[in-house]
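Numbers restart at 1 for each chain; the letters A, B, ... are given by sequence-line order, proteins then strands.
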Number of protein chains: 2
Amino acid sequence: MANVRLHRLGDLQLRIMQVLWDRGEASVADVHDALGARPKLAYTTVATMLRKMEARGLAAHRTEGRTFIYRAAVAEERVGRNMAEHVLDRLFQGSLATMVSHLLTAREVSGDELAELERLIAERKRTP
Amino acid sequence: MANVRLHRLGDLQLRIMQVLWDRGEASVADVHDALGARPKLAYTTVATMLRKMEARGLAAHRTEGRTFIYRAAVAEERVGRNMAEHVLDRLFQGSLATMVSHLLTAREVSGDELAELERLIAERKRTP
DNA sequence: TTGACAATACTACCGTGGTAGTATTAACTC
DNA sequence: GAGTTAATACTACCACGGTAGTATTGTCAA
């Protein structure tokens, strides 16, 4: 179960996982209208995707009546870390500073955000 | 040319791009042995991949004799930023602090690295 | 000039993300 | 009980990353 490739989730899969992470549990219908995209996806598309994701170990479900109630089977933390590390290693040779530098020069970052970053780094320096 | 989907490059493609970025130009043979993977890829695999990548606008080539000399057609910066931003938006709701926090708790980060991060943030605070 | 080599071109195949239609079935309503 | 509804199951298809074999052809050496 731990051996799921976590750094190659597609866009739709990620959006679905986000719904599951946010809600804890969700039926196909819940997920379907939670992702209120412009050209609305077909209901069956979401259902199929969820089935595939369960087969891949990303989600799981229980049954309520004859409705499937899905939940995430991998923690958001794990996926986030995996994908972030993948990008970090593959594109920035593992240098967090380089990555942050690129991100800082291409986005508006609020003062709060910067302060929080400072705090994190200071904290990390204290505990090696 | 600007409209290449840059946030969905596969692993092999990224490794190849890395070679092109590092060297500026490279023949298929150059790329082939630059990626010295454990079960060595077939030469034709690399050639095919490069052709596909050129079709996708990721690389380009000139001819020297009858040898193709490839080069990257997109800047490392752009790809790096794109992939990083994608992960940032999709998994950390755009919060750089959140992403960095996750990365800090799961990797060894050198003191130099932390100092550099601090410097970056301080600099950014000075120039809004 | 013939053969060997080295290059690209072409073709094929698998896995999987993404998309959705059709089929089946369970359940509710009248 | 018959019909409608709402759920999943099944199937199919495209795009594309990844992998590689076979075919073709240009070039150089003997």
Side-chain angles (χ1 to χ4, degrees), chain A residues 3-20 25-33 35-71 74 79 83 86-87 90, chain B residues 3-20 25-33 35-71 74 79 83 86-87 90:
Chain A
N3 278 17
V4 197
R5 292 271 174 278
L6 292 182
H7 60 90
R8 291 203 66 70
L9 302 203
D11 241 50
L12 178 57
Q13 296 191 337
L14 244 17
R15 284 195 293 144
I16 290 176
M17 288 307 288
Q18 209 68 63
V19 174
L20 297 182
E25 291 194 323
S27 67
V28 176
D30 290 340
V31 174
H32 180 236
D33 41 60
L35 3 122
R38 6 301 167 199
K40 199 85 170 165
L41 286 175
Y43 179 92
T44 52
T45 298
V46 178
T48 302
M49 205 63 225
L50 278 164
R51 227 170 322 106
K52 286 187 176 183
M53 286 166 72
E54 178 156 32
R56 267 184 99 23
L58 297 171
H61 81 274
R62 64 183 177 83
T63 311
E64 190 165 283
R66 70 198 182 93
T67 303
F68 282 16
I69 309 290
Y70 284 93
R71 64 181 177 281
V74 288
V79 176
M83 295 194 69
H86 183 249
V87 170
R90 275 270 177 272
Chain B
N3 277 17
V4 198
R5 293 274 172 276
L6 292 183
H7 61 90
R8 290 204 67 67
L9 302 204
D11 242 50
L12 177 57
Q13 296 190 337
L14 282 181
R15 285 195 293 142
I16 290 176
M17 288 307 288
Q18 209 69 61
V19 175
L20 297 181
E25 292 193 320
S27 67
V28 176
D30 290 340
V31 174
H32 180 238
D33 42 59
L35 4 122
R38 4 305 164 196
K40 198 87 170 164
L41 287 174
Y43 178 93
T44 52
T45 298
V46 178
T48 302
M49 205 64 225
L50 277 164
R51 225 169 323 105
K52 285 186 177 184
M53 287 166 70
E54 178 156 33
R56 264 179 99 18
L58 296 171
H61 82 274
R62 65 184 177 82
T63 310
E64 189 165 282
R66 68 196 184 96
T67 303
F68 282 18
I69 309 289
Y70 284 93
R71 63 181 177 279
V74 288
V79 176
M83 295 194 69
H86 183 249
V87 170
R90 275 271 176 271

What are the atom names and distances for every N/O pair under 3.5 Å that joins the protein to nucleotides 24-30 of chain C?
from	atom 1	to	atom 2	distance (Å)
C:dA26	N3	A:R66	NH2	3.3

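- A distance of 11.5 Å separates CD in A:Q13 from CG in A:L20, rounded to the nearest 0.5 Å.
- Among the nucleotides C:dA9, D:dA9, C:dG18, the one closest to the side chain of A:L12 is C:dG18.
- Atom CG of B:L35 and atom C1' of D:dG17 are 15 Å apart (whole Å).
- Judged as a salt bridge (Lys or Arg N to Asp or Glu O under 4.0 Å), the pairs with a partner in residues 6-18 of chain B (not counting sequence neighbours) are, in order, A:R90-B:D11.
- Counting non-hydrogen atoms under 4.0 angstrom, B:Y43 reaches a base of the nucleic acid.
- Using a 4.0 Å heavy-atom cutoff across all strands shown, B:T45 reaches at least one base atom of the nucleic acid.
- Computed from coordinates, the B:R5 CZ to D:dA15 C1' distance equals 13 Å when rounded to whole Å.
- The side chain of A:T44 sits closest to C:dA20 out of C:dG17, C:dA20, D:dA20.
- To the nearest angstrom, P of D:dA6 lies 14 Å from CG of A:D33.
- The side chain of A:R8 places no N or O atom within less than 4.0 Å of a non-bridging phosphate oxygen (OP1 or OP2) of D:dG17.
- For B:H32 and C:dT8, the NE2 to C1' distance is 15 Å, given to the nearest whole Å.
- B:L9 comes within contact range of no nucleotide atom at all, as no heavy-atom separation falls under 4.0 Å.
- Near DNA chain D, meaning a heavy atom under 4.0 Å away, the residues from residues 46-55 of chain B are B:T48, B:M49, B:K52.
- A:D30 places its CG atom 11 Å from the P atom of D:dT8, with the value rounded to the nearest Å.
- Distance CG (A:L58) to C1' (C:dG17): 12 Å, rounded to an integer number of Å.
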